[in-house]
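A quick write-up on the structure given underneath.
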Amino acid sequence: MKEKYFPQELEEKWQRRWAEEKTFEVTEDREREKFYCLEMLAYTSGRAHIGHVSNFSIGDALAWYKRMRGFNVLHPFGWDAFGQPAETAAIKDGTDPEKFTRDAIAYMKWQFQRMGLSYDWSREVATCDPEYYKWNQWFFIQMWRRGMLYRKLAPVNWCPKENISLSNEQASGGVCWRCDTPVIQKQLMQWFARITDYADQLLDDLDKLEGKWPDRVVSQQRNWIGRSLGAEVRFEVADTIDTITVFTTRIDTIFGANAIILAPEHPLLAKIVEGKPQREEVLAFAERLRKEQRNARAEELEKEGINTGGWAVNPFNRERLPIWIANFVLIDYGTGALMSVPAGDQRDFEFSRKYNLPFRQIKLTEDGREIPAEELEVPNEDWIVTVNSGRWSGLASKEANRLMTEYAEAEGFGRATTTYKLRDWGISRQRYWGTPIPMIHCDTCGIVPVPESELPVVLPKGVNLKVEGGSPLDHVPEFVNVTCPNCGGAARRDTDTMDTFVDSNWYYFRYCDPHNDEQPFDPDKIHYWLPVNQYIGGIEHAVLHLIYTRYWTKMMRDIGLVRFDEPVERLLSQGMVCKETFYCPNHEWLFPEQVTDGNRCSICESAVIIGRSEKMSKSRKNAVDPIEMINIHGADSIRLFVLFAGPPEQDKEWSDTGFNGAAKYLQRVWRIAYKWQSRVAGAEVAEPAEMSDYQRRMRRRTHQIVRSITENFEERLHLNTCISSLMELTNEIYLFDQAVDKNGEPTSADVFVAREAIEALIRMIAPFTPHIAEELWESYGHSESLARSRWPEYSDELARDEEIEVAVQVNGKLRSRLFVSPDVSREELERAALADEKVQAAAAGRDVAKVIVVPQKLVNVVVK
RNA sequence: GGGGAUGUGGCGGAACUGGCAGACGCGAAGGUCUCAAAAACCUUUGGGAUAACCUCCCGUGUGGGUUCGAUUCCCACCAUCCCCACCA
């Protein structure tokens with residue numbers, strides 16, 4: 001064993017040995033309990049960042065722990081390799097997206113391997129491999145056959161900067177999720193997956209995930225699916241045979257309606273204004289609203305509308321209501337039409353004020369008064385007793401809602417219904433670098449799937465990516481022109497590719513059987529490994545990937561491949577790694593070395609704004625390169641630091657000195673292990689019958705700390721406090737060592753106690769810093785990898801304190817302490833506390849009203 | 001507007017089910033070793049009162065409440081962050 005700790009040297013040694021000995025490769029072992037530990041696959045951006053270090057360190061710690069607890073641990077890794085950035089980079093450099101991606105994978109894999117992560121690399125998957133995306137195509141065909149996919153001409157969200165279509169999720173807020181460019185709309189024939197058929201299941205099954213998934217993810221998904229229960233009500237358009245259906249959650253307020261308002265795109269608009277004098281004006285207005293609505297965010301858009309001149313008839317009271325159009329009515333939510341009730345809804349209230357539409361009060365205040373509508377200052381959304389509503393007056397809102405829906409159903413002009421915010425998932429992309437859609441368009445036979453025996457439809461190479469509009473594959477005749485599998489006539493391939501979120505839907509199923517060329521996976525294998533026991537990834541996937549993959553699992557269940565409903569048991573959304581930024585008004589973000597001591601820009605001398613800590617990124621110039629850090633103190637130190645910086649789910653602040661501290665700690669571990677190595681390794685010592693104080697203390701602390709770290713891994717996974725406990729154990733070993741030195745030569749009892757403590761430390765540090773742990777373990781005479789060793793056991797008996805400190809309070813204020821045996825009775829504690837001098841002084845002769853005793857912790861004497 | 005979180009020393013954080021606030025680490029100060037520096041080791045380190053020890057007072061964003069006892073539970077407010085958003 002070397003006297004000094006040289007991290008890079010021994011890290012290389014162990015990384016090589018793990019690879020050679022296939023230490024982390026696993027197979028289905030039905031005798032052992034499995035544990036599937038999964039980190040989100042890496043996007044092939046080209047470079048590892050600290051976020052990866054943080055994500056993978058958490059997963060790796062858990063994988064190590066479970067392995068040492070005897071589980072058969074599946075811990076695989078792969079690449080999210082299709083997608084726009086590779087294509088953009090290729091266009092820029094005139095290279096090939098495949099080359100860009102393969103290079104990125106090679107480099108990032110080298111980076112990740114230098115972190116020494118315990119992956120079973122034999123299961124590595126890259127989504128751009130034809131052996132992988134073949135099965136995307138296969139799924140596509142199965143879904144199409146079952147009517148789970150359809151095609152429609154749809155306005156797609158289109159990012160004009162990247163020339164790519166986006167799903168609703170990717171275009172949320174009206175901007176591109178990747179580059180923040182405002183999204184425009186384009187009409188294109190698109191493939192859609194009927195995810196809305198699963199809306200109820202996706203929502204209801206969230207209940208099963210509650211407590212095991214972070215609250216914010218569950219609630220974000222609930223909001224995203226956005227189920228509202230309400231009613232559809234059909235209004236006749238006066239003097240015509242047409243009707244307008246509105247969706248409302250508050251049918252009980254219908255007597256307060258003062259208008260029907262349509263989205264500018266509403267299909268009936270043209271007919272309503274036909275032959276009316278204001279026709280031109282209204283249609284022009286609608287056209288303008290359509291354009292503006294698309295380009296502005298909600299809060300920037302002032303409410304605007306126009307009276308179409310048409311009239312609708314309220315089916316409850318036969319009142320005639322003017323038909324308006326307005327920019328706040330959305331064509332793709334509900335029915336694209338609503339009834340305006342100013343007394344009961346903020347938006348209708350504002351709109352009616354602006355355009356002087358009449359108000360009618362339909363609810364009483366909480367104390368039973370009726371405020372005249374014209375005196376309302378704000379709408380009465382929460383008032384619950386209905387008035388001025390015909391035979392429903394006097395009912396509670398809920399009751400009115402139910403009875404009025406029943407009435408509408410009975411009279412045939414309405415029905416109870418459910419509306420969702422969730423839209424069907426548009427999965428076509430007019431791009432090159434993705435899975436080709438395996439469909440053929442034949443003039444005679446229509447849409448025909450590629451025969452399964454011909455899969456995969458391989459993405460052609462050497463394609464010109466710089467095409468204006470449409471997909472690059474449109475311009476590859478040898479790809480496009482095929483014969484129809486059905487009639488043998490001339491036909492065209494579909495030239496769109498799939499959204500990359502299709503790729504990430506099921507990659508972790510593929511890990512269970514990565515080389516299967518008969519089927520996407522062997523059901524026996526996935527039912528051994530899945531569901532994933534612990535999934536770890538970034539919060540940014542709360543509604544994208546994590547809804548799609550839940551949907552895909554249910555789809556696979558419905559086509560008979562899978563027997564469970566939810567793919568992921570526990571989810572952990574890890575925090576970001578942040579660092580402070582420096583911003584110069586003239587030169588934007590600066591590197592720390594560009595800032596002078598007086599906080600001025602070294603280029604222009606302007607005062608630098610020291611920004612709050614932000615997520616590391618290249619553009620903010622606050623990124624830290626993991627490889628540089630590994631070169632300084634080694635992979636173990638960087639892993640230890642990111643885990644120690646805070647609880648896994650919380651954001652962390654990068655600190656160079658903190659990183660240094662992690663390295664210093666490992667030096668300290670090495671030093672004490674080195675000092676005891678020659679005494680302990682190979683020594684045959686029996687458990688001593690008699691021990692002195694310092695020996696008993698060492699054993700007690702060892703068992704206490706093993707217990708606390710074990711419990712933490714099992715329950716809370718607060719890895720930062722596990723590391724504090726390891727540091728405490730280390731400090732304890734140093735104290736013990738000093739006690740031994742004081743006595744001269746170590747006795748056999750000393751060796752026994754030291755070995756127990758140091759070997760527990762080495763084993764428990766393995767999940768955090770596996771390289772140094774393996775090296776120390778080997779030098780302590782163990783020939784097999786720590787991955788095959790067992791997690792240390794603890795004994796409650798040995799962890800028991802001999803004497804505990806009990807706090808004594810008088811009226812809730814700490815006044816004294818008692819040192820007692822842990823099994824002292826309540827009565828004795830009470831007696832000792834009352835007898836205590838300081839307690840008597842604090843009580844100052846007042847009467848003792850009562851005494852509260854919390855065993856092992858505290859006594860509170862209450863005096864009056 | 002809706003939803004979710006967070007707020008504790010100079011800093012990162014700890015305190016698990018209401019029971020001694022500040023574990024562990026960083027930083028800082030002083031010391032030992034050294035020609036010197038680094039490393040390592042030792043001591044101190046929430047604020048205040050006191051020359052100092054003992055001791056006492058204050059202290060977990062703010063204001064209330066519940067309780068023998070609140071960082072923890074409840075109500076209101078303030079601040080910050082994240083997600084969604086004219087969703088009828």
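We use all heavy atoms of the structure for the numbers below, so side chains are in, but hydrogens, waters and symmetry mates are not. Just so it is clear: chains get the letters A, B, ... in the order the sequence lines come, proteins before strands, and each one is counted from 1.
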Discussion item. Checking A:R668 against A:Y5 for the side chain to side chain contact (heavy atoms under 4.5 Å, CB included) test, could you report, in this order, the C-alpha distance in whole Å, the side-chain angles of both residues, the deciding distance, and whether it holds?
Written reply: CA-CA 9 Å; A:R668 210 168 131 77; A:Y5 167 52; over 6 Å; no
Worksheet item: Which distance, rounded to the nearest 0.5 Å, do you find between the CD1 of A:I244 and the CG of A:L262?
Response: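 Output value for this atom pair is 5.0 Å.
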So what does [X] touch, heavy atoms closer than 4.0 Å: a base, only the sugar-phosphate, or nothing?
X: A:E653; result: nothing
X: A:R222; result: nothing
X: A:S228; result: sugar-phosphate
X: A:K664; result: sugar-phosphate
X: A:N731; result: sugar-phosphate
X: A:E805; result: base
X: A:P647; result: sugar-phosphate

Practice prompt. Kindly say whether, by distance alone, the side chain of A:R817 makes a donor-acceptor pair under 3.5 Å with the base of B:C20?
Written response: yes
Worksheet item: Hey, is the side chain of A:N223 pairing donor to acceptor with the base of B:C84 inside 3.5 Å?
Response: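 Checked by distance alone, the answer is no.
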Compare side-chain N and O positions of [X] against OP1 and OP2 of [N] and report whether any pair is under 4.0 Å apart.
X: A:N860; N: B:U67; answer: no
X: A:R815; N: B:C20; answer: no
X: A:K813; N: B:C58; answer: yes
X: A:Q738; N: B:C42; answer: yes
X: A:T721; N: B:A23; answer: no
X: A:R423; N: B:C87; answer: no
X: A:R347; N: B:G2; answer: no
X: A:K850; N: B:C68; answer: yes

Fill in: RNA chain B: 5'-proximal contact among A:F247 and A:Q667 (nearest heavy atom)
A:Q667
Worksheet entry | Closest-nucleotide 5' rank along RNA chain B - winner of A:R250 and A:G658 | A:G658
[N]: pairing nucleotide in any strand, Watson-Crick or G-U under 3.5 angstrom:
N: B:C56; result: B:G48
N: B:C20; result: none
N: B:C35; result: none
N: B:C11; result: B:G25

Worksheet item: Strictly by modelled atom types, are A:S708 and A:E711 linked by a side-chain donor-acceptor pair under 3.5 Å?
Response: no
Practice prompt. Measure from NZ or CZ of A:R360 to the centre of the six-membered ring of A:F255 and say whether it is under 6.0 Å with the direction within 45° of the ring axis.
Written response: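 So A:R360 doesn't make the cation-pi contact.
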